[in-house]
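First the proteins, then the strands, lettered A, B, ... as listed; each starts at 1.
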Amino acid sequence: MQIAVSGGKGGTGKSTVAINLAIALRERYDLVLADLDVEAPNDHLLLGVELANEEPVELFMPRFDYGKCTRCRKCAEVCEEHAIITMRDGTPFLMPNLCSGCAACEIVCPVPGAILPGKKLMGHTYLTETPYGFPLVTGRLLEGEERAMPIVSRAKKRAQGLGKELLMVDTAAGTSNTVSKALEDSRLIIAVTEPTPLGIHDGELILRLAKLMEIPAVVVVNRSDLGDVAKVHEIAGEYGAEVIAEIPYSENIIRSYVKGRPIVLTDYPEAGLFREIASRVVEFLGGGE
Amino acid sequence: MQLVIASGKGGVGKSTVTASLLYLLKDEYRFVAVDADADAPNLDLLLGVERWEEERELVGAKVARINTESCIRCGICQERCPYDCIKVIDGDYVVSELTCEGCNVCGLVCPVPGTISLDEVRSGVVRKTTTRYGFPLISAQLDVGRPNSGKLVTEEKEWAKKLMGELGLKHMVVDSAAGIGCQVIASIGGADLTILVAEPTPASLSDVQRAYKVVQHFRQPAYLIINKADFNPGFTALREWAEAEGIPILGEIPYDRAIPRSMSMLKPFVEAFPDSKAADAMREIAERVREEILK
């Protein structure tokens, strides 16, 4: 079973909600948290752990054996990314940055062995134990690489491979297809938004994506006193998504965030808000017993 | 000159700072602004844009489709899809349009010709307006579930360059997306310099360090603006990192409620609350941008 924390806009508190919710849900489920914001993964920082058990994510990258290549140009013609250019005589060259690793060129190459399976490193996945009773899987795109999708896909598989009762994913901002990839297979999306015009605009997009994917969504409004909460309720209502919590702007949350001590484990009153979110999620998932 | 504003982490105030900087520079400099965060464009909201003068559909994205009539259900497409985008639904092989990257591997391995086609679909819109402050803004909005490719940003920048020629503009200011992926690479590539925005937290530091590596990859100079500078007293690692890397700090903006309030008013905070602490800091930053960057 999988649930996802997402939310359109960056910096609305997705990761804060994800880690606190994971800690609270740990009491009911055997779970793994997967940080699929591979361009800017931060859950490990919020949980105060160092990334461990690094595994490379390598993609296929064609290497040409020019002794065997017949200069037929089929590889270049088939490359949707235009990563292969050919010289006047048909000699192919690869522009590695454009290559998506799909191996279409190898599939169409008529000469066995003319395209060799080279590899390029795109990023890493990590599997880190946390002191909170659940492991964290993190995907991390290498700086300078452009494609987040393979890392999201591989990190998610690594987390799924642990066979836990509950997989909780924390997605990147936005609503592009890497976010869809992270959300896929979820039974519930917890959309974190803030009641500013920007938060509302981006929050609506994630609700639209949830609807397209036919995944039920609920809304958590963060910094609920810094804007127009009624508007969030109105839009959530249009998408049939219940607003399950309003978290006011809180110095305590900032303090706990900065100290790397999850708020749900403190005595601050805000801890109760996160416990409440957790119990609503448990209720939605059908008890968790 | 082409300058980019980037941050790595989302929500640290990149667009807020950009909108205010544009507001403070608009009388002296002639520029076009580009919102390169097609996934969640915000600059138009912060600049109070109400309508677009011109809008172009983008149809670059491709998705594979399987014809269930001729499909023999051999499953090779599903096996070979590099991104696990093909599912079996009620016995039919179906491509998930919301995760397909359009590589066409499924089409190439399919043994039945004509069963899998690669169709062009709309990926979003690119649009242009003249803001009420006089300068033009190019923005884009990706449709949900589409690949956020750098091509979209390249498209925006090309339109901006054309406008520069037509209107005799001297500068392009690009508000990049969060992260470090293709749209950020397309934003930073070809620019003259990048202004990084970060806040003093471990997460923001980690992400801005990653964005800085992209800047270094393009051998560009970088500058830093520290936002919410007083929000985490005792956290000195951001400043220390900038100093160790030799990244000039253009200024520090204190946490100020005037900023979220100005966002609700859909105005740059320097315009909405010119007497705020944050506005004072922002004016000093604009002064340094004039002296050190735009000269």
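- When each of B:Val214, B:Asn42, B:Leu45 is checked for heavy-atom pairs under 4.5 Å with chain A, B:Asn42 comes out on top.
- Your options are B:Ala40, B:Gly107, B:Pro82, and the one with the most heavy-atom pairs under 4.5 Å with chain A is B:Ala40.
- Contacts of B:Ala203 with chain A are made by both backbone and side-chain atoms, with heavy-atom separations under 4.5 Å.
- For chain A, the option among B:Thr201, B:Leu266, B:Asp143, B:Val144 with the highest count of heavy-atom pairs below 4.5 Å is B:Val144.
- Side-chain contact between B:Leu118 and A:Glu80 is present, with at least one heavy-atom pair separated by less than 4.5 Å.
- Neither the backbone nor the side chain of B:Lys14 comes within contact range of chain A, judged by heavy atoms closer than 4.5 Å.
- In this view, A:Arg261 satisfies the salt bridge (charged side-chain N to carboxylate O under 4.0 Å, His left out) rule with no residue, not counting sequence neighbours.
- A distance of 10.5 Å separates OH in B:Tyr83 from CZ in A:Arg154, rounded to the nearest 0.5 Å.
- With rounding to the nearest 0.5 Å, the separation of OG1 in A:Thr178 from CD in B:Glu101 is 8.0 Å.
- Contact count against chain A (heavy-atom pairs under 4.5 Å) is highest for B:Arg146 among B:Arg261, B:Arg146, B:Met263.
- For chain A, the nearby parts of B:Phe231 are the backbone and the side chain; heavy atoms of each come within less than 4.5 Å.
- When the candidates B:Ser123, B:Gly145, B:Ser7, B:Cys85 are compared by the number of heavy-atom contacts under 4.5 Å with chain A, B:Gly145 comes out ahead.
- Around atom NZ of B:Lys157, more than 12 heavy atoms belonging to other residues, nucleotides or ligands sit under 6.0 Å away.
- Using a 4.5 Å cut-off between heavy atoms, B:Gln209 makes no contact with chain A at all.
- If you take CD on A:Glu143 and CD1 on B:Ile185, they are separated by 10.0 Å, rounding to the nearest 0.5 Å.
- For a residue to count as touching a neighbouring chain, one of its non-hydrogen atoms must lie under 4.5 Å from one of that chain's; by this rule A:Ile206 does not touch chain B.
- Note that OG1 of B:Thr99 and CD of A:Glu184 are 4.5 Å apart. Values are rounded to the nearest 0.5 Å.
- Of the atoms belonging to A:Glu251, not a single heavy atom falls under 4.5 Å from chain B.
- When the side-chain contact (heavy atoms from CB on, under 4.5 Å) test is applied to B:Glu79, no partner is found at least two apart in sequence or on another chain.
- At a heavy-atom cut-off of under 4.5 Å, chain B is reached by A:Gly144, A:Glu145, A:Glu146, A:Arg147, A:Met149, A:Pro150 from residues 144-152 of chain A, listed in order of number.
- Neither the backbone nor the side chain of A:Phe60 comes within contact range of chain B, judged by heavy atoms closer than 4.5 Å.
- Between chain B and the residues A:Gly174, A:Ser176, A:Gly11, A:Gly10, the largest count of heavy-atom pairs under 4.5 Å involves A:Ser176.
- Rounding to the nearest 0.5 angstrom, the gap separating the CD1 atom in B:Ile259 from the CG atom in A:Leu226 is 11.5 Å.
- Remark: A:Glu246 engages A:Val221, A:Ser224, A:Val229, A:His233, A:Val243 in a side-chain contact (heavy atoms from CB on, under 4.5 Å) (not counting sequence neighbours).
- The candidate from A:Ser153, A:Cys102, A:Gly199 with the greatest count of non-hydrogen atom pairs under 4.5 Å with chain B is A:Cys102.
- Contact annotation for A:Lys157: only side-chain heavy atoms (C-beta onward) come within less than 4.5 Å of a heavy atom of chain B.
- Heavy atoms only, all atoms of each residue included: B:Arg210 and A:Leu141 are closest at NH2-O, 2.8 Å.
- Across A:Leu212, A:Leu198, A:Asp202, A:Ile200, the residue that shares the most heavy-atom pairs under 4.5 angstrom with chain B is A:Leu198.
- The environment of NZ in A:Lys231 is sparse: at most 12 heavy-atom neighbours from other residues, nucleotides or ligands sit within 6.0 Å.
- In terms of heavy atoms, B:Ser264 sits closest to A:Gly227 at OG-CA, 4.4 Å.
- Environment of CZ in B:Arg80: sparse, with no more than 12 heavy atoms of neighbouring residues, nucleotides or ligands closer than 6.0 Å.
- Contact count against chain B (heavy-atom pairs under 4.5 Å) is highest for A:Ser100 among A:Cys79, A:Ser100, A:Gly13.
- Using a 4.5 Å cut-off between heavy atoms, B:Pro200 makes no contact with chain A at all.
- Look at A:Lys156 and B:Asp84 and you find no salt bridge, because none of the NZ, NE, NH1 or NH2 atoms lies under 4.0 Å from a carboxylate O.
- The candidate with the highest count of non-hydrogen atom pairs below 4.5 Å against chain A, out of B:Gly179, B:Pro202, B:Ser204, is B:Gly179.
- Counting heavy atoms from C-beta outward, B:Ser96 and A:Lys181 have side chains that stay 4.5 Å or more apart.
- The shortest non-hydrogen separation linking A:Ala173 to B:Asp39 is O-OD2, 4.0 Å.
- Closest non-hydrogen pair, A:Glu39 versus B:Ile180, comes out as OE1-N, 2.7 Å.
- Heavy atoms only, all atoms of each residue included: B:Cys100 and A:Asn177 are closest at O-ND2, 3.5 Å.
- Residues A:Leu45 and B:Ser206 come closest through the heavy atom pair CD1-CB, 3.6 Å.
- Contact count versus chain B (heavy atoms, under 4.5 Å) is highest, among A:Leu46, A:Ile107, A:Thr196, A:Val179, for A:Ile107.
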